[in-house]
Amino acid sequence: MTKRIFLTIAALAIAAGALAQDTKYTPIDPIPLGDALLSLPTSHIPSTGTWEIKFTHRFNQSIDQGNASDRIHSLFGLDSNADVGIGLSFAPRRDLQFSFVRSNVNDDIELAAKYVVVQQAKSLPFSAAVRVGGDVRTEKGLGDRNSVFGQVILSHQFGRKAEIFAIPTYVTDAGRDPVSNAALFKHAFNVPLGGAIMIRPALSIVGEIIPKNRDLPDTIRADLGWALGLKRAIGGHYFEILLTNSNATQVDQYVTSTYQGTGLSRGDLHLGFNIERRFGK
């Protein structure tokens, strides 16, 4: 009887080992994009125990503002003020990440948790993650200070060369009404899109699109939001330089396809950059 039990356990162990080694269920190696594209989240999460510090910087002046002399004098916007964010994240366990970001725009503090539900493999053509959290705008004189949000992050990777993303996003009390300084939307929904193409090892062209929000008031004329940049992964660092028509980096800002109550113009050209540094495994 003991021998039969031993043989049964051994057979189960061998079967489990064979299933674990079945490459159909092994997640594919991800493109080195980190946990965010430029402003939008990805379905990637660093390994357990990893801390990350992130800085975002968006120059306020568009590089096409003024005549040629004005542009040169302002170093194409580099002399202008900037919207700046600083964040910290931690992955306490596999597929789970908590993050904190503070922006000087409305003194906006964003707290979030992201969980990877499934990862792309030979037997599964996509990755999926969920991200939930909230924003608290602590600047004086604002109405509707608090927002909560939920995001589903869907992605498909093409070998080791490219990846595309769709991010259905819902946010409460989003955007700013320029007259009342209250929320522009009580309930806002949008589906930002993103993509990356790796042109050299650890060097990718990254793009984002925020479709024009269909529920925008008729009094606000707005185009879609966009960003295009280069991302370089070096060791535990990610360096990104970008052009964008929107300085929005927080969920409650970009979902409306406006910025601080002003409609986006697709012709605006703001320079920006991100720096990310990971510590741990």
Side-chain angles (χ1 to χ4, degrees), residues 15-54 56 85 87-101 109-135 148-171 191-196 198 202 204 206 208 231 233-238 240 249-251 254-255 274-281:
L19 182 61
Q21 295 176 5
D22 190 339
T23 57
K24 292 190 302 181
Y25 302 98
T26 302
I28 62 176
D29 292 332
I31 295 174
L33 295 176
D35 54 12
L37 286 170
L38 298 171
S39 297
L40 300 177
T42 70
S43 53
H44 303 190
I45 283 180
S47 57
T48 302
T50 300
W51 291 88
E52 182 177 85
I53 296 176
K54 181 175 182 178
T56 66
L88 179 68
S89 65
F90 178 63
R93 50 160 291 180
R94 179 181 176 182
D95 297 334
L96 178 64
Q97 181 187 49
F98 296 105
S99 61
F100 162 92
V101 181
I109 296 171
E110 184 171 288
L111 299 171
K114 182 166 69 171
Y115 181 72
V116 176
V117 181
V118 293
Q119 291 180 280
Q120 185 173 335
K122 286 185 177 180
S123 61
L124 187 68
F126 66 93
S127 295
V130 292
R131 185 170 182 260
V132 295
D135 290 86
V148 295
F149 65 82
Q151 297 178 292
V152 177
I153 308 164
L154 304 172
S155 67
H156 175 76
Q157 187 171 314
F158 300 88
R160 287 282 295 166
K161 291 296 184 183
E163 190 167 9
I164 56 175
F165 298 84
I167 309 166
T169 299
Y170 167 79
V171 189
V191 185
L193 305 172
M198 196 159 65
S204 300
V206 181
E208 298 177 346
K231 181 187 286 277
I234 304 175
H237 294 83
Y238 290 93
E240 299 147 28
T249 56
Q250 312 283 77
V251 179
Y254 61 66
V255 72
N274 301 329
I275 300 174
E276 299 154 59
R277 175 68 169 96
R278 289 182 172 179
F279 303 87
K281 298 180 181 179

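Both backbone and side-chain heavy atoms feed into the values below; hydrogens, waters and symmetry mates do not.
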Inset, instruction - For the pair R93 (side chain) and G49 (backbone), establish whether a donor and an acceptor sit closer than 3.5 Å, ignoring hydrogens and angles. - result: no

Legend entry - T42, I45, I153 screened by side chain to side chain contact (heavy atoms under 4.5 Å, CB included) with V116, the one that passes: I45

Inset, instruction - With rounding to the nearest 0.5 Å, note down the distance linking OG in S43 to NE2 in H156. - result: 11.5 Å

Legend entry - Spatial distance of atom CD (E163) from atom CZ (F158) [nearest 0.5 Å]: 9.0 Å

Legend entry - K231 side chain vs Y238 backbone, donor-acceptor pair below 3.5 Å: no

Inset, instruction - Give, for atom CG of L88 and atom NZ of K54, the distance between the pair rounded to the nearest 0.5 Å. - result: 12.5 Å

Legend entry - E208 side-chain N/O to L38 backbone N/O, donor-acceptor pair under 3.5 Å: yes

Legend entry - T249 to Y254 - nearest heavy-atom pair and separation: O-CE2, 3.9 Å

Inset, instruction - Report yes if some heavy atom in the side chain of Q97 is under 4.5 Å from a heavy atom in the side chain of P46; otherwise report no. - result: yes

Legend entry - Under 3.5 Å: donor-acceptor pair, side chain of T169, backbone of I167: yes

Inset, instruction - Could you tell me the separation between the NE2 atom of H237 and the CZ atom of R277, rounded to the nearest 0.5 Å? - result: 4.5 Å

Legend entry - Side chain proximity check, D35 to E52, heavy atoms < 4.5 angstrom: yes

Inset, instruction - Return yes if some donor-acceptor pair links the side-chain N/O of S204 with the main-chain N/O of P32 below 3.5 Å, else return no. - result: no

Legend entry - Inter-residue atom distance L40.CG - Q151.CD, 0.5 Å rounding: 8.0 Å

Legend entry - Closest contact, heavy atoms only, I31 versus H44: O-CE1, 3.3 Å

Inset, instruction - Work out which heavy atom in G194 is nearest to a heavy atom in L37; give both atom names and the distance. - result: CA-CD1, 3.8 Å

Legend entry - Over all atoms of both residues, closest heavy-atom pair of D29 and Q157: O-NE2, 2.8 Å

Legend entry - Spacing of L111 atom CG and F149 atom CZ [to the nearest 0.5 Å]: 8.5 Å

Legend entry - Closest heavy-atom pair and its distance - S47, A91: O-CB, 3.7 Å

Legend entry - Least distance between heavy atoms, V191 atom then P168 atom: CG1-N, 4.0 Å

Legend entry - side-chain hydrogen bond (donor to acceptor under 3.5 Å, both in side chains) contacts touching residues 110-121 (sequence neighbours left out): E110-R131

Inset, instruction - Verify, without hydrogens or angle tests, whether T48 (side chain) and R94 (backbone) share a donor-acceptor contact under 3.5 angstrom. - result: yes

